[in-house]
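The structure presented is a predicted model; accordingly, all values stated were derived computationally and were not measured.
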Amino acid sequence: LFVDASGSVKLLQVGGSLTIDETTQAINDLYVASVTSLGSVDIEVQAGNMKVEFVSAQTGARLAASGSIHDAFNDVAGPIVNVETGDLHLQAGGTIGEAGNFFDVLVGGDLSGTAGQDIFLNSPATLNITTLSSTHGDITLTVQGDVNIGLMQAREGSVFITADGRIDDRYNDVTADIEAIRVVLDS
């Protein structure tokens, strides 16, 4: 998928099949090569996975997949940002990122998201988390800045945060900021 828009982008990829010249091809996974918008970006894969090279949205972005959301680059040695935006919401029925290849985000506003399995995120700058949850897995973050946490939930797993800066309670309140079986913080 390639898109360059002066306005907002909204795309829903539905599952099914497509036949051209008597050749049928299943429609499921989506490869997002480059999507840029001066507004917002909303991409959803209804029946499959999403693999992302680059998304840039000035105001905000929402990426959702019934399967998993993955980094298109094997860039562990030198991470390349997959999503650069104001606010970002990620939603996956499977995983977001992978243990050997984190999903790289640069979020100027709020980060929120949910995954059915593990979440692996890397950020070259401070993250401001509203709510980030994994239903049946772990959450692992590496951040070259501060991590300001509203609520992180991995009730069946662990939360691992490695930050170059501080790890703080975003709202400075008495409610729990991290709900997990095990929590490992390194700041």
Thr162 OG1 to Leu185 CG distance, which is reported to the nearest 0.5 Å: 9.0 Å

Contacts of [X] that satisfy side-chain contact (heavy atoms from CB on, under 4.5 Å) - sequence neighbours left out:
{"X": "Ala176", "result": "Glu179"}
{"X": "Asp4", "result": "Thr36"}
{"X": "Asp168", "result": "Asn148, Arg166"}
{"X": "Ala33", "result": "Phe2, Tyr31, Glu53"}

Candidates Leu63, Ile119, Thr95 - the one meeting side-chain contact (heavy atoms from CB on, under 4.5 Å) with Phe103: Leu63

Heavy-atom pair with the smallest gap, counting every atom of Ser37 and Gly7: OG-O, 2.5 Å

Shortest non-hydrogen contact from Gln46 toward Gly15: OE1-N, 4.3 Å

Ignoring hydrogens and geometry, is there a side-chain-to-backbone donor-acceptor pair from [X] to [Y] under 3.5 Å?
{"X": "Ser134", "Y": "Gln117", "result": "yes"}
{"X": "Ser112", "Y": "Thr131", "result": "no"}
{"X": "Ser158", "Y": "Val183", "result": "no"}
{"X": "Ser187", "Y": "Gly165", "result": "yes"}
{"X": "Thr126", "Y": "Asp146", "result": "yes"}
{"X": "Thr114", "Y": "Gln91", "result": "no"}
{"X": "Thr85", "Y": "Gln58", "result": "no"}

Non-neighbouring partners of Arg170 that pass salt bridge (charged side-chain N to carboxylate O under 4.0 Å, His left out), sequence neighbours left out: Asp110

Residues which pass salt bridge (charged side-chain N to carboxylate O under 4.0 Å, His left out) with Glu44, listed by chain and number, not counting sequence neighbours: Arg62

Verdict with reasoning, Thr140 to Asp138, per side-chain hydrogen bond (donor to acceptor under 3.5 Å, both in side chains): CA-CA 6 Å; Thr140 305; Asp138 299 332; 5.7 Å; no

Which pairs of donor and acceptor atoms, one on a side chain in residues 71-81, lie under 3.5 Å apart (sequence neighbours left out)?
unit_1, atom_1, unit_2, atom_2, d
Asp71, OD1, Phe73, N, 2.7
Asp71, OD1, Asn82, ND2, 2.9
Asp75, OD2, Ile80, N, 2.8

Residue pairs, two or more places apart or on separate chains, that pass ring pair (Phe, Tyr, Trp, His ring centres under 6.0 Å) and touch residues 120-171: Phe102-Phe120

Pairs where residues 81-99 contributes a residue and the test salt bridge (Lys or Arg N to Asp or Glu O under 4.0 Å) is met, not counting sequence neighbours: none

Which donor-acceptor pairs under 3.5 Å do side chains of residues 17-28 form with protein atoms, sequence neighbours excluded?
unit_1, atom_1, unit_2, atom_2, d
Thr19, OG1, Thr24, OG1, 2.8

hydrophobic_cluster_shared for Leu111 and Ile167, side chain cutoff 4.5 Å: yes

same_hphob_cluster(Val55, Val3) at 4.5 Å side-chain heavy-atom cutoff: yes

Any residue meeting ring pair (Phe, Tyr, Trp, His ring centres under 6.0 Å) with Phe54, in chain and number order, not counting sequence neighbours: none

Contacts of type side-chain hydrogen bond (donor to acceptor under 3.5 Å, both in side chains), residue Asn122, not counting sequence neighbours: Asp104, Thr142

